[in-house]
Number of protein chains: 2
Amino acid sequence: MDAAGKRVGAVRMRDVALMAQVSTMTVSRALMHPAKVSPDVRARVAEAVSAVGYVANKVAGSLSSSRSKVIGLVVPSIENSLFASTIQGISDVLRRHDHQLMIADSGYSPEAEEAAIRAFLEQRVAGLILHDTTHTAEAVTMIHRSGVPVVENGTLTASPLDMVVSYSNHDAAKAMTLHLARLGYRRIGFVSLPLATNERSRDRRAGYRAAIAEVGLPEDPRLVLEMPPGLASGAEALLRLMEGGGEPDAIFFAGDVLAMGAILECLRRGWPVPGKVAIAAFDNFDLLGHLVPPVTTLRLPRLEIGRRSAEVLLDRIQGRAAGAVSVDLRFEIIHRGST
Amino acid sequence: MDAAGKRVGAVRMRDVALMAQVSTMTVSRALMHPAKVSPDVRARVAEAVSAVGYVANKVAGSLSSSRSKVIGLVVPSIENSLFASTIQGISDVLRRHDHQLMIADSGYSPEAEEAAIRAFLEQRVAGLILHDTTHTAEAVTMIHRSGVPVVENGTLTASPLDMVVSYSNHDAAKAMTLHLARLGYRRIGFVSLPLATNERSRDRRAGYRAAIAEVGLPEDPRLVLEMPPGLASGAEALLRLMEGGGEPDAIFFAGDVLAMGAILECLRRGWPVPGKVAIAAFDNFDLLGHLVPPVTTLRLPRLEIGRRSAEVLLDRIQGRAAGAVSVDLRFEIIHRGST
DNA sequence: GCTACTGCTGATATCGGTAACCCAAACCCC
DNA sequence: GGGGTTTGGGTTACCGATATCAGCAGTAGC
């Protein structure tokens with residue numbers, strides 16, 4: 001590197017070509033389409049590559065070919081372990097197909113998401129995966145103008161940008177609520193994460209309400225709460241519902257950390273679960289199954305969402321498929337001791 | 001896009017230049033160094049940019065300038081929530097400095113790490129952050145030859161590639177063991193994660209042994225165990241140590257999930273903690289503080305490691321610093337009810 | 001023996017920017 | 001008011017690959 005931080009003296013394809021006594025074009029072919037080159041030349045190139053320590057320059061390659069093998073992913077938060085399995089699934093598939101992953105987090109803000117999308121488009125990514133389903137108008141135009149394929153995977157949204165891979169938050173929440181009703185609970189509380197910026201939360205609450213209506217239970221506002229995320233928040237929600245006059249016999253937490261916080265609060269207070277109140281959670285956070293009692297929850301296909309998202313994206317990029325795609329992955333109720 | 005997946009018809013800088021009636025060089029300047037251009041031209045360019053919907057092409061830019069704003073990160077596993085805070089820290093700092101983050105995971109394999117490093121170098125990243133501190137010989141040569149700055153952050157290794165930002169796994173494990181000894185425990189068990197591919201695990205066990213030796217306790221092989229990661233694994237380790245004849249009065253789990261699994265097993269069996277056995281953990285997994293009893297553990301500067309790693313890397317890239325850097329971040333013992 | 005085709009390789013022109021250099025006008029100080 | 005400096009902007013030559021097309025040998029077909 002020189003003083004300005006510019007790298008100098010890297011080995012170029014030209015050096016490989018000189019050593020192998022062929023043109024750069026032939027080196028390029030030997031590396032990209034080995035079948036199009038004679039075995040003899042192929043061997044000479046391979047030898048030259050390792051002799052000079054050539055590391056391909058994909059920047060030049062992408063510029064020249066207008067193709068790239070980088071996928072951009074925007075999640076609301078990297079730290080939130082919820083997204084970790086999905087990212088892992090994406091990463092697994094991309095690695096198998098020799099693609100790279102760029103990640104940005106939006107901190108749940110559409111404006112930050114827009115900035116991340118712009119940065120990705122500037123890098124000329126081959127595709128985008130967005131967890132959120134609400135975007136700024138500017139982000140939407142940029143994406144459409146760029147022609148880059150996109151997968152959204154937060155929820156099965158009704159009006160996708162392009163492709164969707166997810167499960168129905170609405171149906172999942174409804175299914176769990178119906179499950180509780182079937183078990184005989186009649187005053188089912190519901191705690192959701194913030195609704196304003198989060199279509200997923202809204203879907204879940206709508207699902208809960210649909211279930212309540214379906215089984216003919218009265219809708220009691222004292223049974224419904226909206227809370228910020230976090231363990232402490234879950235504990236607080238529990239106490240507020242229990243002391244809020246709604247007298248819940250079961251509480252459905254539409255967020256695994258919230259449920260976790262609530263059940264730990266029960267443990268601390270010595271409240272029997274489900275003796276005093278039943279508790280159900282929304283996500284398959286590993287620990288929920290190991291608590292005392294183990295917590296009834298929904299198994300959501302987090303890893304699978306990542307895998308399938310990457311797959312449909314690659315299918316489109318590589319021309320194996322075209323047009324709208326909407327993959328509805330299944331969830332599953334895991335009935336355990338807490339309800 | 002045409003049939004081959006090649007994007008067509010994107011807006012180029014040249015289109016902006018035509019509309020603003022200046023040369024492309026001036027557009028480039030107006031965008032990169034606004035101060036070097038008259039206010040009049042600056043305004044015309046800005047207007048033209050939004051009129052034609054120009055999205056800069058950083059691929060061409062990097063090729064031309066031999067500079068890039070992409071940082072490559074390799075972690076052993078994306079899914080493991082341990083790394084999530086570190087990644088978040090990196091991401092935060094990079095975003096503030098207008099850089100992008102590429103992530104790959106090695107699945108704890110040095111060969112996979114090498115492949116990821118090669119892919120990053122092919123993308124001509126401006127810097128690398130590696131969690132692991134053991135690398136293949138090939139990876140080491142590639143990195144040195146490329147001249148790309150590197151930060152390692154798994155542990156304060158004695159022979160870094162370049163820069164290190166971490167805490168001392170050895171000292172942390174030693175400190176916790178001494179803490180237990182000071183509390184009066186005399187038969188202190190130790191459970192570690194796999195040692196073979198993991199310098200961090202080895203450091204931790206060495207720290208444990210150093211402490212045992214320092215306070216003059218006997219080294220009993222029945223008190224030391226190596227286990228694969230996971231909740232179930234922690235529970236099994238607990239049982240094996242308790243029934244292995246070593247009669248531990250305290251167990252130090254060098255992995256938070258292991259400790260979690262053990263404490264939940266105690267809960268299930270109704271074993272009082274620390275009445276039957278005291279339990280200490282190695283990491284500041286949020287939940288540990290909310291369990292009954294809350295678990296004594298080490299607060300490790302995970303987020304800070306990410307932040308500082310990104311900072312020292314950017315300092316080097318942007319020429320604000322040169323030469324070796326070794327940042328030793330502090331850990332802290334959090335004494336709670338479980339010991 | 002001549003055309004047609006296939007298989008392999010090279011020359012040349014980009015891809016879309018930025019670096020380096022250059023020049024004209026404006027400004028400056030005695 | 002002239003030499004020196006600054007300011008703003010254009011010209012040209014790349015950065016390091018790949019697409020395209022042309023060339024040329026071998027060879028198959030008739």
Side-chain angles (χ1 to χ4, degrees), chain A residues 1-18 20-45 48-49 52 54-70 121-124 126 146, chain B residues 1-18 20-45 48-49 52-69 121-124 126 146:
Chain A
M1 317 257 290
D2 67 10
K6 203 169 133 175
R7 203 150 317 122
V8 296
V11 175
R12 293 169 312 254
M13 187 177 272
R14 143 145 269 217
D15 304 316
V16 176
L18 287 175
Q21 314 226 51
V22 292
S23 70
T24 60
M25 196 56 237
T26 300
V27 175
S28 173
R29 273 198 280 263
L31 298 176
M32 301 264 298
H33 316 283
K36 293 197 161 292
V37 149
S38 73
D40 169 47
V41 168
R42 209 183 303 152
R44 263 164 43 221
V45 168
V49 162
V52 302
Y54 175 64
V55 175
N57 186 334
K58 300 283 188 194
V59 175
S62 317
L63 175 59
S64 179
S65 66
S66 309
R67 251 182 280 272
S68 108
K69 293 200 167 186
V70 178
L121 294 178
E122 289 182 345
Q123 301 286 346
R124 295 299 187 266
S146 73
Chain B
M1 318 254 291
D2 68 10
K6 207 169 131 174
R7 201 150 319 121
V8 296
V11 176
R12 293 170 312 257
M13 188 177 270
R14 144 145 270 223
D15 304 315
V16 177
L18 288 175
Q21 314 226 52
V22 292
S23 69
T24 60
M25 195 59 237
T26 301
V27 175
S28 173
R29 280 200 201 93
L31 297 176
M32 303 259 301
H33 316 282
K36 295 199 158 294
V37 148
S38 73
D40 169 45
V41 168
R42 208 182 305 152
R44 260 161 47 218
V45 168
V49 162
V52 302
Y54 175 64
V55 174
N57 186 334
K58 300 284 188 194
V59 174
S62 315
L63 175 60
S64 179
S65 66
S66 310
R67 251 183 279 273
S68 108
K69 293 202 167 184
L121 293 179
E122 289 182 345
Q123 300 286 344
R124 296 298 188 267
S146 73

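Numbered from 1 within each chain, the chains take letters A, B, ... in sequence-line order. Everything quoted here is computed from the prediction, not taken from an experiment.
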*Please check the phosphate of D/dA17 (OP1 and OP2 only) for any side-chain N or O of A/Ser28 closer than 4.0 Å.*
no
*If you round to the nearest 0.5 Å, how far is CZ of B/Arg29 from OG of B/Ser23?*
7.0 Å
*Provide, to the nearest angstrom, the distance between the CG atom belonging to A/Asp15 and the P atom belonging to D/dA17.*
9 Å
*When you match A/Ser62 and B/Gln21 each to their closest nucleotide on DNA chain D, which lands nearer the 5' end?*
B/Gln21
*Respond yes when some side-chain nitrogen or oxygen of A/Arg67 is under 4.0 Å from OP1 or OP2 of D/dA19, and no when none is.*
yes
*Taking the side chain of A/Thr24 as heavy atoms from C-beta outward, which of D/dT18, D/dG9, C/dG16 is closest to it?*
D/dT18
*Check whether any side-chain heavy atom of A/Val37 lies under 4.5 Å from a side-chain heavy atom of A/Val45, and answer yes or no.*
no
*Verify the contact: side-chain N or O of A/Ser64 to OP1 or OP2 of D/dA19, cut-off strictly under 4.0 Å; return yes or no.*
no
*asked:* By nearest atom, which of the nucleotides C/dT18, D/dG9, C/dC15 is closest to the B/Met32 side chain?
replied: C/dT18
_Under 3.5 Å donor-acceptor pair, A/Arg29 side-chain atoms to C/dG10 base atoms_ = yes
*Just how far, in rounded Å, is P of C/dC15 from CD of A/Gln123?*
21 Å
*asked:* Whole angstroms only, please: what is the CG-P distance between A/Asp40 and C/dG7?
replied: 18 Å
*Heavy-atom distance under 4.5 Å between the side chains of B/Val49 and B/Leu31, does that happen here?*
yes
*Any donor-acceptor pair under 3.5 Å between the side chain of B/Ser23 and the base of D/dG10?*
no
_In whole Å, I'd like the distance from the CZ atom of A/Arg42 to the C1' atom of C/dG7._
13 Å
*asked:* With rounding to the nearest 0.5 angstrom, report the CE to OG1 distance, A/Met13 to A/Thr26.
replied: 10.5 Å
*asked:* Tell me the interatomic distance from A/His33, atom NE2, to D/dA17, atom P, rounded to whole angstroms.
replied: 15 Å
*Which nucleotide in the list D/dT18, D/dA17, D/dG9 gets nearest to the side chain of B/Val37?*
D/dG9
*Nearest-nucleotide pick for A/Met13, side chain only, options being C/dG17, D/dT18, C/dA19*: D/dT18
*Figure out the CD/P separation between B/Glu122 and D/dA17, and round it to whole Å.*
10 Å
*A/Tyr54 side chain N/O closer than 4.0 Å to the phosphate oxygens (OP1, OP2) of D/dG16?*
no
*asked:* It should be established whether A/Ser66 places a side-chain nitrogen or oxygen under 4.0 Å from OP1 or OP2 of nucleotide D/dT18.
replied: no
*Does any non-hydrogen side-chain atom of A/Val52 lie less than 4.5 Å from one of A/Leu18?*
no
*asked:* Which is more 5' along DNA chain C, the nucleotide nearest A/Val41 or the one nearest B/Arg14? Just name the residue.
replied: A/Val41
*For atom NZ of A/Lys36 and atom C1' of C/dT6, their distance in whole Å*: 11 Å
_Expressed as a whole number of angstroms, how long is the span from A/Arg12:CZ to D/dC15:C1'?_
10 Å
*Name the nucleic acid region contacted by B/Val59, choosing base, sugar-phosphate or nothing; use a 4.0 angstrom heavy-atom cut-off, strictly under.*
nothing
*Would you mind telling me which of D/dG9, C/dG10, D/dG16 lies closest to the side-chain atoms of A/Met25?*
C/dG10
*Between A/Ser68 (side chain) and A/Ser62 (backbone), is there a donor-acceptor pair under 3.5 Å?*
no
